[in-house]
> 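Okay, here's the structure, questions in a sec.
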Amino acid sequence: MDSLDGLTYSRLEERLSAAGVNPVHAKPLFNRLHRKLLTGDLDEAETLPPPLRRWLASEEALPRCQLVPSAVTPSTDGYTHKYLLRLADGAEIESVLMGFPGRFTACLSTQVGCAMGCVFCATGQMGFSRHLRAGEIVGQAQYVARRLREMHGEPIRNIVLMGMGEPLHNFDPLMEALEILTDTRGLNIGPSRVAISTVGHVAGIYKLAEHPARYSLAVSLHGASDAERGALVPINQRWPLAELLKACRAYSERKRAKVFFAWTLIAGQNDSADHARRLGELLQGMNAHVNLIPLNPTEDFSGRPPDDASVRAFQQIVLDAGLPCTVRQRRGIDVAAGCGQLKSAGKRSSHGRNASCVR
Ligand code: SAH
Ligand code: SF4
C-alpha cells in the first residue's frame, strides 16, 4: 500500500470513507500535505476538523513517506542543488533543484537505478533495483519544494522526470504522482510544465498518448540509424527507430504537441555533420525540437564530449534543416548534478564522475 502522500485526491477521499471519516475532510488534509507541505507530526495549533485529527493520530492512518537527505551538494551558481535522498528501505535516489528565480525546476527520479542499460549513463551502469511508488516520487517534489521555499521563498514551476530511471517503465505510479503534483489543490504544477523523458519505451508512449493529461514528452534519440542507436541504447533492439518515430508522430498528432528529442553528443561517435544531417531527415515534417547535450563522461564509458565548435556546427546543421535546436547548458555540473553520480561517488569513491540528468 502507498503512503499518505501517494494518494490522489479521489483515492484520499475513498480512504477516508473506508476509515469512517467524512470524505469532505480530504480537502484540509490534501492542503496540509501538498500545499502547505507540512512534515511530521500533527501540530496542536493546526486547525483541522476533529474527526480528521483523530484519524491522523490513529493507527489506521497511512504513514507519511519520509525521504531523508543523506547528501546535499550546492553548486557554485547558487541555484542548483543536488539531493541524495534515502527511502524507507534504505535505497537512495537523487533529486535536483535547478533553474533561476521565477523558473525553478525539480528533476525527479522514477526508479532506483535503471533497467535500460544505456552505455554512457551512470544510472544505467548501476543496474535496476526497484520501481518508485507514487508517494516516493511525490516525496521528492515535496522535499525540493520545501528547500526552495526556505532558500528563495518561491514555488516550483516545472517538473522534469529526468532523474534516475526510465519513467515510462514505471507508468501507473508515475501517472498517480503527476496527478497529485498537478492538482490545483496541491503544488499546482501546470501539466504542460511537466516533462517526461523516455529512452524510447514505445508501449509507454502510446499509453501516454491515450492518457487524458497533456504532459510534455521528451525522447532520447542519440543515433540516426538502428546500428548507431543500438550501440548506445539497448532498448533499440526491442523498439527500433522506425517504430519509435512512428509512436512519436502518433503522440504529436494525438496531443497536437511538440515532441522534444534529446541527443547526447559523443565525440567521434554521433557528432559529425553527417549525423546532424541524418537527424534532420529523420525528424522532417514532425513538430519537433532537438536538445543537444554534450556527454558528461562516466566511469564505465570511454566516450568524451565534443569541443564547443563541433557542438555549434552540429546545431547549425539541425537548424538549417528547419528544426528548432538548443544546446543544453550543463548547469550544476560542478556539483555533479547528473543522475547516478552522487550515489556512485559515495559507493565507489570515484572522482569527477559525471552523469545523466544534466538539465
Ligand atoms: N530514462 C530517461 C530519463 C532519465 S535520463 C531517458 O533516458 O530519457 C535523462 C537524460 O540524460 C536522457 O536524455 C539521457 O540520454 C541523458 N544522459 C544520460 N547519461 C548522460 C551522460 N552521461 N551525458 C549526457 N547525457 C546523459
Ligand atoms: Fe536509464 Fe535513461 Fe540512463 Fe538510459 S539514459 S540507463 S534509460 S536513466
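Every heavy atom of this structure was used, including side-chain atoms; hydrogens, water molecules and symmetry mates were not. Each ligand, and each atom within it, is numbered from 1 in the order the structure gives.
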> Of the backbone atoms (N, CA, C, O) and the side-chain heavy atoms from C-beta on, which set of Thr198 has a member under 4.0 Å from an atom of ligand 1: side chain, backbone, both, or neither?
backbone

> Is there an N/O/S atom in Cys114 that lies less than 2.8 Å from atom 3 (Fe) of ligand 2?
no

> Distance from Leu282 atom CG to Met286 atom CE, nearest 0.5 Å?
8.0 Å

> Would you say Phe120 and ligand 1 have an N/O pair spaced under 3.5 Å apart?
yes

> Which ligand 1 atoms does His222 reach within 4.0 Å, using its non-hydrogen atoms?
15 (O)

> Under 4.0 Å, heavy-atom basis, I'd like to know which part of Thr298 is in contact with ligand 1: side chain, backbone, both or neither.
side chain

> For Trp263, which of Val318, Ile293, Asp271, Leu279 qualifies under side-chain contact (heavy atoms from CB on, under 4.5 Å)?
Leu279

> Which bit of Thr264 gets closer than 4.0 Å to ligand 1, counting heavy atoms only: side chain, backbone, both or neither?
side chain

> Distance-only, no hydrogens or angles: does the Ser109 side chain make a donor-acceptor pair with backbone N or O of Glu94 under 3.5 Å?
yes

> Check whether NZ of the Lys or CZ of the Arg Arg32 lies under 6.0 Å from the centre of the six-membered ring of Phe30 and within 45 degrees of that ring's axis.
no

> Under 2.8 Å from atom 1 (Fe) of ligand 2, is there any N, O or S atom belonging to Cys118?
no

> Does Ser17 reach the main-chain N or O of Glu13 with its side chain, forming a donor-acceptor pair under 3.5 Å?
yes

> Answer with yes or no whether the side chains of Asp320 and Gln316 bring together a donor and an acceptor at under 3.5 Å.
yes

> If you measure from each heavy atom of Pro297 to ligand 1, is any distance below 4.0 Å?
no

> Pro305: heavy atom below 4.0 Å from ligand 1, yes or no?
no

> His152 vs Tyr79 aromatic rings, parallel, tilted or perpendicular, using cut-offs 30° and 60°?
tilted

> Is Gly165 in polar range of ligand 1, meaning some N or O pair under 3.5 Å apart?
yes

